[in-house]
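Only one structure is covered here, and it is reproduced in the block below.
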Protein chains: 2
Amino acid sequence: MDKTYQPVRFSEKLSRITELWQPRVVAELNDYQFKVVRIEGDFIWHDHPETDEAFIVLSGQLRIDMRDGAVTIGPGEMFVVPKGVEHKPYAEKEVQLLLVEPRGVLNTGHVGGDRTAQNDVWI
Amino acid sequence: MDKTYQPVRFSEKLSRITELWQPRVVAELNDYQFKVVRIEGDFIWHDHPETDEAFIVLSGQLRIDMRDGAVTIGPGEMFVVPKGVEHKPYAEKEVQLLLVEPRGVLNTGHVGGDRTAQNDVWI
């Protein structure tokens with residue numbers, strides 16, 4: 001037992017992200033990815049027709065609007081948006097998030113547009 | 001937008017778990033599950049030949065021994081044990097964990113024995 005493996009420290013990864021709304025991959029689990037992202041303000045309505053999406057809040061208060069309601073997620077809390085459900089994240093102040101979703105999922109789902117972040121970028 | 005959805009609060013789920021080493025499902029993401037578990041002391045050597053396993057520490061200091069080394073994981077940190085890699089979790093004091101793995105994975109992998117917890121129990 002000689003080797004010292006290093007865990008992923010979310011705060012260290014987040015401290016090196018300079019742009020909002022740009023998810024960065026920090027770990028993979030089979031064909032799933034864990035991504036950290038800093039967000040603030042309003043995103044666009046979108047959905048992921050092929051997959052659920054997990055939001056775990058690391059800091060701040062995240063609101064996710066859905067067409068029939070909303071959820072507010074704080075630190076130490078998570079929520080899974082089911083596949084095909086339209087949603088729009090909103091952060092009045094900066095929120096630091098951990099996302100879990102299959103490799104290849106775009107942040108804007110199938111909606112696309114200029115809010116689409118480059119995918120599969122590791123930090 | 002009338003409905004108020006509830007997030008999963010890890011501390012609330014953990015507060016209702018009375019037994020150590022008994023993972024409880026708190027959310028599903030496609031065919032993957034998020035499980036919270038309280039552990040303390042030594043577990044057994046085991047592996048999961050068919051899947052990676054993600055450990056996210058919520059409180060305490062977790063050490064995972066592997067045959068060639070070890071990793072220590074604290075709050076706000078995570079580590080993925082690759083499939084097929086033998087590992088043995090160890091917590092000197094109580095650790096509260098979030099696990100992410102495919103539905104159906106047993107805590108003792110293919111080793112079995114009396115440390116095997118009942119699987120797929122929600123809280």
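Chain letters run A, B, ... following the sequence lines, proteins first, then strands; residues in each count from 1. It should be emphasised that the depicted structure is a prediction, and the values quoted were computed from it without experimental measurement. What you see below is based on every heavy atom in this structure, not just the backbone, and it leaves out hydrogens, waters and symmetry mates.
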task: Indicate whether the side chain of B:N107 and that of B:Q22 have a donor and an acceptor atom separated by less than 3.5 Å.
output: no
- prompt: Can you tell me if A:D52 and B:Y32 form a side-chain donor-acceptor pair at under 3.5 Å?
  reply: no
- line: If you tally heavy-atom pairs under 4.5 Å between each of B:K13, B:E12, B:Q6 and chain A, the highest tally belongs to B:Q6
- request: Under 4.5 Å, counting heavy-atom pairs only, tell me which of B:V71, B:V80, B:N30 racks up the most with chain A.
  value: B:N30
Per-residue contact mode, [X] against chain A (heavy atom under 4.5 angstrom):
| X | value |
| --- | --- |
| B:A27 | side chain |
| B:I64 | neither |
| B:L29 | both |
| B:E53 | backbone |
| B:V100 | both |

message: Taking side chain as everything from C-beta outward and backbone as N, CA, C, O, which of these in A:F55 sits under 4.5 Å from a heavy atom of chain B? Side chain, backbone, both or neither.
response: neither
task: Would you mind checking which part of A:P75 comes under 4.5 Å of any heavy atom in chain B, side chain (CB onward), backbone (N, CA, C, O), both or neither?
output: neither
task: Answer yes or no: are there more than 12 heavy-atom neighbours, outside A:E94 itself, under 6.0 Å from its atom CD?
output: yes
Axial cation check for A:W21 ring with A:R38, 6.0 Å and 45° limits: no
- prompt: What residue in A:V81, A:I73, A:T51 has the most heavy-atom pairs under 4.5 Å with chain B?
  reply: A:T51
query: Under 4.0 Å between a Lys/Arg side-chain N and an Asp/Glu carboxylate O for A:D42 and A:K88?
result: yes
message: Using the rule given for side chain to side chain donor-acceptor pair (under 3.5 Å), can you reason through A:D47 versus A:H87, listing the C-alpha separation, both sets of side-chain angles and the distance that settles it, and then say yes or no?
response: CA-CA 6 Å; A:D47 71 313; A:H87 58 284; over 6 Å; no
A:E50 side chain reached by A:K83 side chain, heavy atoms, under 4.5 Å: no
